[in-house]
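Reviewing the structure listed below.
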Amino acid sequence: MIILGIETSCDETSAAVVDDSAGAASARIRSNVVKSQIDEHRPFGGIVPEVAARAHLRHLDGLIGRAMAEAGADWTELDGVAATGGPGLIGGVIVGVMSGKAIAAVHGLPFLAVNHLEGHALTARLTDDLEFPYLLLLVSGGHCQLLAVEGVGAYRRLGTTIDDAIGEAFDKTAKMLGLGYPGGPRVEARARNGEPDRFRLPRPMKGRAGCHFSFSGLKTAVRHAIDGLGRAPTETDIDDLCAGFQTAAGEAIVDRTANAMETFRGLHPGANDLVAAGGVAANGALRTMLEALCGENGFQLTAPEPALCTDNGAMIAWAGLERLRAGRTDTLDFAPRPRWPLDPDAPAVAYAGVKA
Ligand code: KG4
Ligand code: ZN
């Protein structure tokens, strides 16, 4: 099957063509064109939804044309069109869904509205042919969750964040330190030269039962550490704060993931795959810590290459392909969703009484 995938839910506009007849996982992505909106948002120090929607509108048609050309694909060869249907910034989601529906209608193809999180969740099957079930650590700018991935459309949430997502904490830390946007990769780069133990930062939720996350306290601790300097941070201060933050965040994630491994093993005895996905899974230090955790617990880590961890059309095309295989297509009256939980049965998490 050959599927066109469209991603417009945040600040990357992307179109891709994925082909499962290629056999080898590495050959399945025939094209994956990603246009980042970093330059459009930089003057504002973060993502502005209206700016994002307009940029998606401006660039998407051209990117779809490029993705088809790079894939050497003809419209008549496509088996379906997939677009991110949510969750995300609704203006952008509408742009992608409308384009996907139009192409599907014109060429008489099935339309697949893909949950963005499902795109991240299934990427390891595109890249590594991973079998269900597996434990998923989804760490991105908008989400921080641990899920048991049990099949296409079958996700059991084990933990989520009670306040900020981890990517948000990286981005806010970067902003406080004047490193600009997007923050994650810059914090990682500065942390390489830093001394992680110089500033004493909390490891939120560490040692507690369960698998929920919390990062707002860590963010506040970074703020206090900066204020505590009593002067503008020097280059060394910035390196050390980045290293301290990254280590604290990583240890918190490892602690929560260790608990999730235990719960997951209870649900699926004998299963031993951990997948790290989402933009923050591109972080090398976090990957190293997760490798060690897997080694201690008899798990195998799969982390897609960084370009497939951050938002891209190939993950949407692939999730659409898996949905099409399972006969789960959508109709053209699908309404874009700003919120769309992967596990609708997961209980709401309480803020009250839980402190970082
Ligand atoms: O998955 P993604 O591209 O978009 C969302 O769905 O949110 O994730 C973007 C997030 C941003 O917060 C960005 O700062 C973070 O992923 N990120 C990183 C790294 N690369 C991207 N965080 C830490 N280290 C990185 N190397
Ligand atoms: Zn994402």
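Model, not experiment: these values are computed from the prediction. We count ligands from 1, going down the list as the structure has it; atoms in each ligand are counted the same way.
The shortest N or O to N or O distance between G167 and ligand 1 is under 3.5 Å. Looking at H116 next to ligand 1, an N or O pair under 3.5 Å apart turns up.
Ranking protein heavy atoms by distance to atom 26 (N) of ligand 1, first place goes to E188 OE1, 2.7 Å. With hydrogens left out, the protein atom closest to atom 7 (O) of ligand 1 is G141 N, 2.8 Å, a heavy atom. What sits closest to atom 2 (P) of ligand 1 on the protein, heavy atoms only, is D311 OD1, 3.3 Å.
Using modelled atom types and a 3.5 Å distance limit, the side chains of E7 and S9 yield a donor-acceptor pair.
Within the 4.5 Å cutoff, no side-chain heavy atoms of I6 are placed close to those of S14.
Remark: K172 pairs with D164, E168, K219 by the side-chain contact (heavy atoms from CB on, under 4.5 Å) rule, at least two apart or across chains. The side-chain contact (heavy atoms from CB on, under 4.5 Å) test applied to A307 returns E305, not counting sequence neighbours.
Contact annotation: Q246 has no heavy atom less than 4.0 Å from any atom of ligand 1.
In the hydrophobic clustering (ILVMFWY side chains linked at under 4.5 Å, chained through shared members), V34 stands by itself.
Between L122 atom CG and Y155 atom OH the span is 4.0 Å, to the nearest 0.5 Å.
Of all the heavy atoms of D171, the ones lying under 4.0 Å from any atom of ligand 1 belong exclusively to the side chain.
Excluding waters, the protein N/O/S atoms found under 2.8 Å from the Zn ion (ligand 2) are H116 NE2, H120 NE2, D311 OD1.
Atoms of ligand 1 lying under 4.0 Å from at least one heavy atom of G142, given by number and element, are 7 (O).
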